[in-house]
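Side chains are part of it too, since the values below use all heavy atoms of this structure and drop only hydrogens, waters and symmetry mates. Along the sequence shown, residues carry numbers from 1.
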Amino acid sequence: MPVAIITGASKGLGRALAGALARRGWDLVVDARSAGPLEEAARELRGAGVRVAALPGDVTDGGHRAALVAAAQGLGGLDLLVNNASALGAEPLVRLADQSLAGLRRALEVNVVAPLGLVQEALSLLRSSSYLPSYEEVAPYRGEAPYIGDAENGIAYDPYPNSENSQNTSLSDSPTYVAAGGAVLTISSDAAVEAYPTWGGYGAAKAALDQQSAVLAVEEPALRVWWVDPGDMRTDLYAAAVPDDDASGRPLPETVVPALLRLLDHAAPSGRYTAAAPAPQGAGPR
């Protein structure tokens with residue numbers, strides 16, 4: 001059976017994705033900071049007849065990250081790493097003039113440093129995975145995002161927006177690799193690419209995460225590396241960010257999961273994807 005690590009899996013999108021993978025027969029390693037909700041989620045996941053290792057802890061703790069990877073190895077390896085755990089940097093969100101530097105450091109630690117640390121810890125297992133078929137890719141995907149959302153809502157994406165002609169960068173002269181490997185799925189946000197008031201600290205962290213993912217995709221061509229804007233969702237994270245906003249009209253995280261599964265089903269090329277149609281006018285970031 002394939003094996004996945006999912007961080008932040010006790011609720012929201014992490015729990016919804018874990019449930020979908022469990023129903024497909026994936027064995028899982030799941031984490032969250034709160035032990036009670038995590039164990040409740042794990043019991044539900046085990047109901048699908050799969051093996052589930054639930055490890056409460058903080059992804060910024062190197063020992064915890066090592067334990068997650070060791071648990072995956074104990075289940076037989078690692079085919080998919082999902083970096084879903086996230087931190088806002090301020091609750092509720094504030095303008096940059098009022099942003100706590102300690103809060104910004106926390107956002108960067110959780111959203112950027114911890115995912116890289118987990119990738120580094122898991123890299124040998126991901127390289128050894130044979131779950132995804134072989135493919136020939138060097139540069140991250142450029143152009144329409146055909147695997148996510150409705151066809152008419154595909155977006156053009158250039159991971160090198162500051163290059164005058166990204167198609168003619170030195171990447172095009174790189175050797176072609178043919179390999180099979182696992183996948184890294186990282187949850188991003190449109191706050192990484194849009195300037196929303198009060199979302200500056202969180203958006204800066206997600207922008208750094210996007211760039212980190214783009215470089216990883218180039219450096220590890222044997223892996224699929226996907227960084228995904230999930231779109232508007234009704235989550236506890238959003239409620240903490242903007243507590244006065246009525247989020248009742250926002251989609252539940254479960255509505256995003258089919259789009260994420262299509263990345264796996266189609267062995268989509270590495271790149272940045274969006275999982276939802278454009279937000280209604282006046283809506284805030286994800």
So how far is it from S10 OG to R15 CZ, rounded to the nearest 0.5 Å? 7.5 Å
Euclidean distance, R224 CZ relative to S129 OG, rounded to 0.5 Å: 10.5 Å
CZ-CG distance between R24 and D265, expressed to the nearest 0.5 angstrom: 4.0 Å
Evaluate salt bridge (Lys or Arg N to Asp or Glu O under 4.0 Å) for R234 paired with E254, printing each intermediate quantity in order. CA-CA 10 Å; R234 193 189 320 166; E254 288 79 3; over 6 Å; no
On a heavy-atom basis, the closest approach of A32 and L38 is N-CD2, 3.7 Å
Counting only N and O atoms by type, is there a donor-acceptor contact under 3.5 Å from the side chain of N111 to the main-chain atoms of A107? yes
L80-V30 co-clustered via ILVMFWY side chain contacts under 4.5 Å: yes
With under 30° as parallel and over 60° as perpendicular, where do the rings of Y238 and W199 fit, or are they tilted in between? parallel
Begin from the C-alpha positions of D58 and H64 and carry the test side-chain hydrogen bond (donor to acceptor under 3.5 Å, both in side chains) through to its verdict. CA-CA 7 Å; D58 192 321; H64 176 62; over 6 Å; no
Side-chain donor or acceptor of K206 paired with backbone N/O of D229 under 3.5 Å: no
Ignoring hydrogens and geometry, is there a side-chain-to-backbone donor-acceptor pair from R65 to E121 under 3.5 Å? no
Looking only at atom types and distance, does a side-chain atom of D31 sit under 3.5 Å from a main-chain N or O of G8, one as donor and one as acceptor? yes
Taking a hydrophobic cluster as the set of Ile, Leu, Val, Met, Phe, Trp and Tyr residues connected by side-chain heavy atoms closer than 4.5 Å, whether directly or through intermediates, do L108 and V59 fall within one such cluster? no
Tell me whether W226 contacts the main-chain N or O of R272 through its side chain, where contact means a donor paired with an acceptor under 3.5 Å. no
